[in-house]
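Worksheet: the structure to be examined is printed underneath.
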2 protein chains.
Amino acid sequence: MDRPEPADGASTRARIQQVALELFSERGYEATSLREIAERLGVTKAALYYHFRTKEDIVQSLFEDQLAELDALIAWAESQPPTVETRHEFIRRYADLLQRRGHFKVLQFFQRDQLSMQKHQVGATLRSRLIAVQRLLSPPGTPPVVRLRRSLAIIAIHTAWFGLEDPDFTDDVRREAGLEVALELVE
Amino acid sequence: MDRPEPADGASTRARIQQVALELFSERGYEATSLREIAERLGVTKAALYYHFRTKEDIVQSLFEDQLAELDALIAWAESQPPTVETRHEFIRRYADLLQRRGHFKVLQFFQRDQLSMQKHQVGATLRSRLIAVQRLLSPPGTPPVVRLRRSLAIIAIHTAWFGLEDPDFTDDVRREAGLEVALELVE
DNA sequence: GTCTATAAATCGATAGAC
DNA sequence: GTCTATCGATTTATAGAC
């Protein structure tokens, strides 16, 4: 199944993914051409097509791991009673998920380029999962103000990671602040 | 300065703006071609160029009014003492601004297509104004957790308008819920 | 003010050599 | 696995008739 890894470290495939996420995050998916990705990598456009069938395949590969982990987290939460303890534990696990392997970078790109992502299958799927998270925190019948607060709990974690400009904030500060505010919002 | 208005109601210029915002909001700025805008309007592409010099001019015109009002609001807030009363009044005025003339629709488009908008002058300007709002609510020295809460106050108003899927929510419910949560977050 | 026609550039994707 | 070369489609924008 796996291709052999070259001795020079990151595989070309992984380097394409890394550079693509960089450029997509700077300019947006639609405004980033395969020529630009290839140039920053020092290869030609045609080389990309050896590793990915289409441009869409590249962006899809960026979301895959994160989507699988999010699916598992949602499945866990749906097996639990809808109590405040479950919501607290969900928030903690969601915050862990985002921090692991820089997953928040993919989510930041998704949030800032939502409209481009909608027309791709992986974008529509991630969107539906985020809606599932909302439904899970706010079952039918939850009053509007409480629903808004619980929506903001998730957004608090996102904002802690990529909504605060201050370069003084360390990863630890962001993590702790996001958790503290999110936990009080799902009370 | 003003062009005479045709008798049939909305000027062609205003209809271009309306259709452009619709399509930009559906598919994103980059993925929307002038051909599509022209087709939905029932005119040819060339007609658009009589009313707007470039595609960028169209999107710029969508932000102009809102940017001017936001500038005025920021100027007002900067003339006030940074007290909790000022923050409360700012939140109320900001909520009013968003509701007036459907301004939240433009902001919704901006938020969902941030990356496309960054490379246009009007997008960079709006972004800098939103950062100014944050700085205003959280002067230097504000602890991270408090800063996060105050950032979320603005986001609460945005989310009330275009972040909650429920079609049962009326404009009044959204307005009141947004205000209530935002006000408690800037305490 | 709107049209037809077209210029000039760029894009995603493919063919085939090496 | 990467290259050169190119195809076909689409884009923003313009020229000039009406």
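Just so we're on the same page: letters track the sequence lines, and every chain starts at 1.
Between B/Glu36 atom CD and D/dT10 atom P the separation is 11 Å, expressed in whole Å. Taking atom NZ of B/Lys55 as the reference point, atom C1' of D/dT14 lies 17 Å away to the nearest angstrom. For the pair B/His51 NE2 and C/dG1 P, the computed distance is 6 Å after rounding to whole Å. As a whole-Å value, the separation of A/Arg27 CZ from C/dC11 C1' is 15 Å. Taking atom CD of residue B/Glu30 and atom P of nucleotide D/dT10, one finds them 17 Å apart after rounding to whole Å. Residue B/Leu41 contributes atom CG, which lies 15 Å from atom C1' of C/dC3 at whole-angstrom precision. Distance CG (A/Asp57) to C1' (C/dT14): 15 Å, rounded to an integer number of Å. Taking atom CZ on B/Phe52 and atom C1' on D/dT12, their separation rounds to 16 Å, with Å as the unit.
Nearest heavy-atom pair across A/Leu48 and A/Val43 is CD2-CG2, 4.4 Å. Annotation for A/Thr32 and A/Leu23: closest pair OG1-O, 3.3 Å, computed over non-hydrogen atoms.
In this model, the phosphate group of C/dT10 is not approached by any side-chain N or O of A/Ser33 to a distance below 4.0 Å at OP1 or OP2. OP1 or OP2 of D/dA13 sits under 4.0 Å from a side-chain N or O of B/Tyr49. For D/dT11, the OP1/OP2 oxygens have a side-chain nitrogen or oxygen of B/Arg35 closer than 4.0 Å. The side chain of A/Thr12 contributes an N or O atom lying less than 4.0 Å from OP1 or OP2 of D/dT2.
Distance from the side chain of B/Leu34 is smallest to D/dA13 among C/dA13, D/dA13, D/dC3. Taking the side chain of B/Lys45 as heavy atoms from C-beta on, and the options D/dA13, D/dC3, D/dA15, the nearest nucleotide is D/dA13. Closest to the A/Tyr50 side chain, of the nucleotides D/dT2, D/dA13, C/dT14, is D/dT2. The nucleotide whose nearest atom lies closest to any side-chain atom of A/Ala46 is, among C/dA13, C/dT2, D/dC3, D/dC3.
Ion pairing between a basic and an acidic side chain is recognised when a charged N comes within 4.0 Å of a carboxylate O; A/Arg87 and A/Glu187 show no such pairing.
With the nearest nucleotide of DNA chain C identified for both A/Glu56 and B/Thr44, B/Thr44 has the one nearer the 5' end.
For B/His158 and B/Tyr94, the gap between ring centers is short of 6.0 Å.
Stacking of A/Lys55 on the aromatic ring of A/Tyr29 is recorded, both the 6.0 Å distance cut-off and the 45° axial limit being met.
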